[in-house]
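Let me begin by presenting the structure, written as C-alpha cells, before commenting on it.
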Protein chains: 2
Amino acid sequence: MDHETSLRNERKRGSGVKVVYDILRDEILDLELPPGSPIDEVQLSERFGMSRTPIREALVRLAGEGLIDTLPNRSTMVSQIDFLNMHSYFDALVLMYRVTTQLAAKYHRPEDLEAVRALQIEFANAVEAQDALAMISTNAALHLAIAEAGRNPYFTSLFLRLLNEGRRLLRLYYQSYNDQLPRRFVEEHDEIIAAIEARNTELAERLAREHAEQIVSQIQKLLMREERLDVSL
Amino acid sequence: MDHETSLRNERKRGSGVKVVYDILRDEILDLELPPGSPIDEVQLSERFGMSRTPIREALVRLAGEGLIDTLPNRSTMVSQIDFLNMHSYFDALVLMYRVTTQLAAKYHRPEDLEAVRALQIEFANAVEAQDALAMISTNAALHLAIAEAGRNPYFTSLFLRLLNEGRRLLRLYYQSYNDQLPRRFVEEHDEIIAAIEARNTELAERLAREHAEQIVSQIQKLLMREERLDVSL
DNA sequence: TGTATTTAATTTGTCGACAAGAAATATGCA
DNA sequence: TGCATATTTCTTGTCGACAAATTAAATACA
C-alpha cells in the first residue's frame, strides 16, 4: 500500500479535496501529467483511497482555473498549452510583472521584504546548483511574494494563474537553462528588490518590465527553435 | 409547483449544475441574495428539485469566483463586499478598462464592433428609460464585448470578475443615478467606440482611462456619502 | 440563578449504487 | 468485404443514505 492510500483511514474530514487538488495541480504544472492526459475519476478514487465525490470536487476547482478541460458526459483531460495565442499570455504576464512590482514598491511593509529576500536566496541557490525545476518554482514564488506585498488581490490572483501557466511552459524547455543567463536573473532580482525597498515606484516598474521582457524573449527564442524543429520533421 | 421544480423531470443530464450556478450567480450579483446570506444546501436542493450533489458543484464554482465563502464543516454564505480595500478594486478596474480598450483598438474585427454597437444602443435605451438595473448590466456587457474584441482571455476573465463585483456594488447605490451623468456616459461610449474603430490605440486607451476614472470617482462619492451616514448613526 | 456538562438537532462531507450518455465492439445485411 | 445498425462496455452525472462536526437545547450541579 502506498503512502497516499495509507492515509485513507487517518484522514480528517474535509481535508480530502485539498489533498487531491494540491497533488493534481502540482502534477499538472510539473508536466508529470502532460497536456492531453486523460483524467479518470474512478482511477483517481482508487489511487487516493476515497470515493469519487471529493475527487470530483477537486476536478471542478481545477477546471475553474483552466488546468483541465471537461467535455460533458465524456472524458476530462489536462488542458493544452495554447501556443497559438501565446502573445496574449506574454502581454498579460509583462503587465502583471510591472503593476505588481510597482505596487509592492508603494505598499510593502518590512516583513514582506523578509519573505522576498528569503525566496531570493533560495532562487540564487537553485541557480548555483543549476536545478532548473527549483529555479522555475522559486522564481514564481519570489514574484508572487512581491505581488502580495503590493496588496492587490485582483492582480495577485491573475498573476498567480499566469505564473502557474508559465511554470508549465518553462518546464517544457528547462534543459536550455544552462550558462550565464540565470545569474543575470539573480542580479535583476536584487535590483528590483532594492528599488522596492527604496519605494522608488518608477524604477521598480521599469526594472520589472525589463526583467519580464527578458524572460519573455528568452521563452520566445525557445518556442521559435521548437517550431523550426516541428517544421523540419 | 413553481417553474424551477417543474423542470425536475425534463432536465437534461448535466444541465443541472449550470442552471443552479447561473441563477444563484445572478441572484448574488443583483443583491437578491445580499452579502452574508446563508446558503443552505438542502434548502436549495428542495428549491431546484435535485439532489445535493449538483448543488454542491455549483457552490464550489461560485466559491472559486469569490462570490460565496465556505467555512469548513460550517455554514457557507454570500461573500461580503470588501469596502476596506476598495482602492485595490478601483486600481484593477481602471487598468483593465484601459488595457482591454487599447487591445480592442488594436485587434478588433468588424463583427466585434457590431456586437458592441448593439449593446451601446441597449445602454442608451436604458439610460433614456432611467432603468438603473438595465444600465448597470448593459454597461458591463458593453465593456465586456469591447474586452472580447481585444482577444486576451487573461484580461477578459479578470475584467469579467471586476465588472461582476461592480455590478453588486452599483446595485447598492442605483438610486442615485438620476440626472445628467448617465447621458455623459453614453457620449463617452460613443467616443471610445469611434477610437476603437479608427484603430487609434492611444486615444482609445486615454478615453477608457478617463471614462473609468469618471465611474470610479462617482462610486467613491457615493461611498463617501454612505460612510458619513454610517458615522452619523 | 448561573454555569458547566450532556444530549439532541442541524448541516456538511463522504460513500456506494444506479442510470444516462457516449465510445467501442459486435452483429446483420447488401 | 463494406457499411449500417444493434449491443456491450465504459465513464460520467445524479441520487439517497449515513457519519462526522458543529451548534443549539437541555439537564445537572453549585
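Hydrogens, waters and symmetry mates play no part in the numbers below; they use all other heavy atoms, side chains included. Below, read A as the first sequence line, B as the second, and so on, with proteins coming before strands; counting in each chain starts at 1.
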For the pair made of [atom1] in [X] and [atom2] in [N], what is the distance, rounded to whole Å?
X: A:I55; N: C:dG13; atom1: CD1; atom2: C1'; answer: 14 Å
X: A:D40; N: D:dT9; atom1: CG; atom2: P; answer: 18 Å
X: A:M77; N: C:dA23; atom1: CE; atom2: P; answer: 13 Å
X: B:E41; N: D:dC18; atom1: CD; atom2: C1'; answer: 15 Å
X: B:K12; N: C:dA20; atom1: NZ; atom2: P; answer: 14 Å
X: A:E46; N: C:dC15; atom1: CD; atom2: P; answer: 13 Å

Original post:
Starting at the 5' end of DNA chain D, which residue's closest nucleotide do you reach first, A:R13 or B:R52?
Top reply: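 This one resolves to B:R52.
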**OP:** Salt-bridge test for B:R168 and B:E165: reply yes if a basic N is under 4.0 Å from a carboxylate O, no otherwise.
**Re:**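 Yes, this pair counts.
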**OP:** Check side-chain contact (heavy atoms from CB on, under 4.5 Å) between B:A124 and all other residues, then give those that pass, not counting sequence neighbours.
**Re:**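 Per chain and number, B:A124 pairs via side-chain contact (heavy atoms from CB on, under 4.5 Å) with B:V186.
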Original post:
So does B:Q220 have more than 12 non-hydrogen atoms from other groups sitting under 6.0 Å from CD?
Top reply: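 Check passes, neighbour count above 12.
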Original post:
Of B:I39 and B:T53, whose closest DNA chain C nucleotide lies nearer the 5' terminus?
Top reply: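 On the 5' side of the pair lies B:I39.
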**OP:** For DNA chain C, find the residues of residues 56-74 of chain A with a heavy-atom distance under 4.0 Å and give them by number; none if there aren't any.
**Re:**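 Of all residues in residues 56-74 of chain A, the ones placing a heavy atom under 4.0 Å from DNA chain C are A:N73, A:R74.
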Original post:
With under 30° as parallel and over 60° as perpendicular, where do the rings of B:F123 and B:H189 fit, or are they tilted in between?
Top reply: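 Tilted, since the angle between the ring planes falls between 30° and 60°.
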Original post:
For A:I39, does its backbone N or O pair with a side-chain atom of A:T76 as donor and acceptor, under 3.5 Å?
Top reply: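 No: the side chain of A:T76 does not pair with the backbone of A:I39.
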Side chains of [X] and [Y] only: does a donor on one sit below 3.5 Å from an acceptor on the other?
X: A:R151; Y: A:T156; answer: no
X: A:Y21; Y: A:E65; answer: yes
X: A:N152; Y: B:H87; answer: no

Original post:
How does DNA chain D read in dot-bracket, base by base from 5' to 3', with Watson-Crick or G-U pairs under 3.5 Å and | used when the partner is on another strand?
Top reply: ||||||||||||||||||||||||||||||
Subject >> Heavy-atom side-chain contact between A:R167 and A:D26 under 4.5 Å >> reply: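 They are in side-chain contact.
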**OP:** Respond yes when some side-chain nitrogen or oxygen of B:S51 is under 4.0 Å from OP1 or OP2 of D:dC15, and no when none is.
**Re:**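 Checking D:dC15 against B:S51, a side-chain N or O does come within under 4.0 Å of OP1 or OP2.
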Original post:
Counting any heavy atom closer than 4.0 Å, what does A:T76 reach on the DNA or RNA strands: base, sugar-phosphate only, or nothing?
Top reply: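 If one applies the 4.0 Å heavy-atom cut-off, A:T76 turns out to touch the sugar-phosphate alone, with no base involved.
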